[in-house]
Amino acid sequence: MSLFIVFEGPEGSGKTTQIHLLRDALRARGYSVVCTREPGGTPIGEQIRTLLHDPQNTEMLPITEALLYSASRAQHVAQVIRPALERGQIVVSDRYAASTMAYQGYGHGLELQMLQQITELVTEGLTPDLTIYLDLEVTIGLKRKLKDSQQGQGEWNRMDQLDIAFHRRVREGYLEMARQEPSRWMIVDATQSIQWIHEHILERVESLLQKRSLGVS
Ligand code: TMP
């Protein structure tokens, strides 16, 4: 049964851990799961990721960012996400189009409607069935991510080094998008324990799978 799930959240919110737990739980229930990420997920996308996240690329304009993330997404949808959904698999992606709305739109101030049009073009209208937003106060997340990167786990990228006000606008953007579409979004308190978060997410995903199997959209 195909399902498209996206994880969103600020730096250091624990997305990777939760994605792995969800993947393992779904596989244990017999589902075929594909985990992927943005920017990246394809050879071309990974090259675009390197360009986007190089801390030396400080001259990059917000519109260049938006177009590069979108270019990576076009490859990702065509080469990974759509084929997996067509094979009947569950796709779990670490970030998708909501990141562009949050970071380049709410964060940098690019026009949301223009970003929506670009997104529509590159995704051919493919929207997630569920977006799970791991919510965290921005300074906590940035501190966690900095610590991890200093210990050789994960990267400290060009987006991480933008100011706190930027990251606050990003968080507000996510919360607003989630409030606008509660049936397609789930907000999770990322300060709770790993196990608590996992159980809540799994419950919501299982209920979605059950509705799907009953033919309820
Ligand atoms: P992450 O892989 O550690 O989550 O880092 C991805 C970074 O890229 C994060 O700072 C958010 C940013 N990003 C955007 O600004 N726009 C996008 O469309 C995507 C997919 C990511």
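Quantities reported herein were computed from a predicted structural model and do not represent experimental measurements. Basis for what follows: all heavy atoms, side chains included, without hydrogens, waters or symmetry-related copies.
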Axial cation check for Tyr96 ring with Arg73, 6.0 Å and 45° limits: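 The answer is yes, since Arg73 meets both limits relative to Tyr96.
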
Side chain to side chain contact (heavy atoms under 4.5 Å, CB included) between Phe4 and Thr127, intermediate numbers included: CA-CA 8 Å; Phe4 181 21; Thr127 52; over 6 Å; no

Aromatic plane relationship, His167 with Tyr103 - under 30° parallel, 30 to 60° tilted, over 60° perpendicular: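 Geometry flag for His167 against Tyr103: perpendicular rings.
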
Audit row: Arg37, Glu46, salt bridge (charged side-chain N to carboxylate O under 4.0 Å, His left out) steps and yes/no: CA-CA 10 Å; Arg37 72 163 181 182; Glu46 291 296 334; 2.9 Å; yes

For [Y], does its backbone N or O pair with a side-chain atom of [X] as donor and acceptor, under 3.5 Å?
X      : Y      : value
Arg49  : Pro39  : yes
Gln18  : Ile194 : yes
Ser72  : Gly40  : yes
Arg23  : Val33  : no
Arg212 : Ser2   : yes
Ser70  : Ala66  : yes
Asn57  : Leu51  : yes

With a cut-off of 6.0 Å (strictly less than), are more than 12 heavy atoms of other residues, nucleotides or ligands near [atom1] of [X]?
X      : atom1 : answer
Glu124 : CD    : no
Gln151 : CD    : yes
Gln180 : CD    : yes

Side chains of Gln195 and Glu199, donor plus acceptor under 3.5 Å: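 The criterion, which ignores hydrogens and geometry beyond distance, is satisfied for Glu199 and Gln195.
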
Cluster overlap Met101 with Tyr69, hydrophobic side-chain contacts below 4.5 Å: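 Same cluster.
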
Residue from Arg171, Arg169, Lys143 passing side chain to side chain contact (heavy atoms under 4.5 Å, CB included) with Val138: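 Among Arg171, Arg169, Lys143, the one meeting side chain to side chain contact (heavy atoms under 4.5 Å, CB included) with Val138 is Arg171.
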
With sequence neighbours excluded, residues passing side chain to side chain donor-acceptor pair (under 3.5 Å) with Glu8: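 Checked Glu8 against side chain to side chain donor-acceptor pair (under 3.5 Å); matches are Ser99, Tyr174.
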
Beyond-backbone contact of Tyr106 with Glu176, side-chain heavy atoms, under 4.5 angstrom: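 Yes. Closest side-chain heavy atoms under 4.5 Å.
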
Note: Glu137-Arg168 ion pair, threshold 4.0 Å (strictly below):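 Yes, charged N to carboxylate O under 4.0 Å.
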
